[in-house]
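My structure is below; once you've seen it, I'll send some questions.
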Amino acid sequence: MRKKRILSGMRPTGKLHLGHYAGALENWVKLQEEYENYHLIADYHVLTTDLDTSRIYQDTVDMVIDWLAIGLDPQKVKIFRQSQVKEHSELFLIFSMLITANRLERNPSLKDQIRDLNIQQTVYGHLGYPVLQAADILLYKGEAVPVGEDQVPHVEITREIARKFNNQYGDVFPEPDPLLTVFARLAGLDGVAKMSKSLGNTILLSDNSEIVKQKMRKAVTDPQKLRKNDPGHPEVCVVFSYHKKFNPAEVEVIDTDCRSGALGCVDCKLNCSSKISTFLEPVLQKRSELENNLSLVLDVISEGEKAARLTAGATMQEVRTNMKMG
Ligand code: TRP
């Protein structure tokens with residue numbers, strides 16, 4: 001049976017953290033067995049909110065090293081940059097005609113970004129963010145898109161554009177379904193609901209055990225547990241949430257001992273750091289192999305781009321034929 005095709009994407013943000021792992025990468029690695037996976041590096045999308053391109057290349061390389069180190073297998077998946085497959089721009093242009101400005105202005109993700117980044121004036125390309133994303137997905141006829149909750153409105157816009165195109169010019173595109181990541185949103189070390197680079201509250205996939213320990217020391221725990229033997233409330237503790245993810249075997253004991261006051265935060269944190277470092281050990285190992293063999297990483301990207309161009313080129317040919325612009 002033909003494998004279903006998945007298109008997933010991420011903006012190149014440099015070295016990734018445990019939040020990326022829990023929210024996306026863990027899922028991607030699992031999905032590569034069952035689906036045909038295309039992983040897009042959304043470098044053009046960066047421009048929607050940041051015109052400084054000086055770090056994009058290094059951020060791309062760092063991100064791809066993390067993707068490979070965590071277990072994406074280049075024999076199974078394709079990894080490529082959006083900017084290196086010109087069909088993205090072409091299809092984006094056509095798709096721009098198939099959706100109203102009004103519809104895009106109502107996009108809730110846009111509103112969130114404008115608020116979070118305190119953007120005063122929205123550029124045209126930012127408004128068109130989901131249109132470019134629709135081109136990303138549909139060029140590869142992606143049938144499923146693994147995303148977190150926040151990206152569901154974008155997949156909905158993609159479906160609308162696919163429908164509009166198919167009605168107007170004849171069937172070319174599938175209507176992709178969001179494949180909701182059982183969205184384990186990992187909290188930040190500072191207790192904020194989301195681990196995020198801009199908040200500086202992350203543990204990186206590339207952090208060694210010493211750094212993990214240091215960062216963990218600062219992690220926010222239950223504010224009512226001031227002394228070691230005070231009874232604690234694991235449900236409000238960030239460290240406990242990490243235990244749940246990376247140390248499931250001991251979660252019950254930790255819960256009991258924290259509540260009774262038998263377990264203090266210092267020991268609990270040391271244990272947690274050590275479990276996270278055990279998890280990260282093979283990732284660090286793989287990472288340093290790749291860093292020492294950068295040409296291998298660049299080959300993966302360039303092979304991915306060759307394959308992506310073939311698929312994207314074939315789709316664009318169909319698009320042009322259907323539009324009688326072939
Ligand atoms: N919008 C996604 C993000 O901000 C990145 C992205 C670009 C993407 N193109 C995509 C995600 C296509 C899924 C499919 O994280």
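First listed ligand is number 1; within each ligand, the first listed atom is number 1.
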query = To the nearest 0.1 Å, how far is atom 9 (N) of ligand 1 from its closest protein heavy atom, and which atom is that?
reply = Asp136 OD2, 2.7 Å

message = Are Val297 and Trp28 linked, directly or through intermediate hydrophobic residues, by side-chain heavy-atom contacts shorter than 4.5 Å (ILVMFWY only)?
response = yes

inquiry  = Please classify the Leu132 to ligand 1 contact at 4.0 Å (heavy-atom distances, strictly less than): side chain, backbone, both or neither.
reply    =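 For Leu132, no heavy atom sits under 4.0 Å from ligand 1.
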
ask   = What protein heavy atom is closest to atom 8 (C) of ligand 1, reported as residue, atom name and distance in Å?
value =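 Ranked first by proximity to atom 8 (C) of ligand 1 is Gln133 NE2, 3.6 Å.
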
ask   = Hey, any chance Phe80 and Ile301 share a hydrophobic cluster, counting ILVMFWY side chains that come within less than 4.5 Å of each other, even indirectly?
value =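 Unlinked, Phe80 and Ile301 end up in two clusters.
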
query = If you measure every N/O of Gln151 against every N/O of ligand 1, is any gap under 3.5 Å?
reply = yes

request  = Report whether Met10 and Tyr57 are members of the same hydrophobic cluster (ILVMFWY, side-chain heavy atoms less than 4.5 Å apart, transitive linking).
outcome  =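 Same hydrophobic cluster.
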
query = Of all the atoms in ligand 1, which lie at a distance below 4.0 Å from a heavy atom belonging to Ala42?
reply = 7 (C)

query = Any N/O of Tyr129 closer than 3.5 Å to an N/O of ligand 1?
reply =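 Looking only at distances, the answer is yes, because the N/O contact criterion of under 3.5 Å is met.
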
query = Only one of Phe95, Tyr140, Tyr44 forms a ring-ring contact (aromatic ring centres under 6.0 Å, His included) with His88, so which one is it?
reply = Tyr140

key: Cation-aromatic face contact Lys3/Tyr35, 6.0 Å, 45 degrees   =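 No, a cation-pi geometry is absent between Lys3 and Tyr35.
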
note = ligand 1 atoms nearer than 4.0 angstrom to some heavy atom of Leu7 are 12 (C), 14 (C)

task = Please identify which atoms of ligand 1 are closer than 4.0 Å to at least one heavy atom of Arg11.
result = 4 (O)

request  = For the pair Phe246 and Tyr242, evaluate ring pair (Phe, Tyr, Trp, His ring centres under 6.0 Å) and give the outcome as yes or no after the intermediate values.
outcome  = CA-CA 6 Å; Phe246 297 100; Tyr242 299 161; 7.3 Å; no

request  = Check each atom of ligand 1 against the heavy atoms of Ile137 and keep those under 4.0 Å away; list them by number with element.
outcome  =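 Atoms satisfying the 4.0 Å criterion: 12 (C), 14 (C).
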
inquiry  = Count I, L, V, M, F, W, Y as connected when their side-chain heavy atoms are under 4.5 Å apart, and connections chain through other members. Are Ile161 and Phe173 then in the same cluster?
reply    = yes

query = Gln317 and Arg320: side-chain donor and acceptor closer than 3.5 Å?
reply = yes

task = Any atoms of ligand 1 less than 4.0 Å from a non-hydrogen atom of His45? List them with their elements.
result =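 This gives 7 (C), 9 (N) as the contact atoms.
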
For Val145, atoms of ligand 1 separated by under 4.0 Å from a heavy atom = 13 (C), 14 (C)

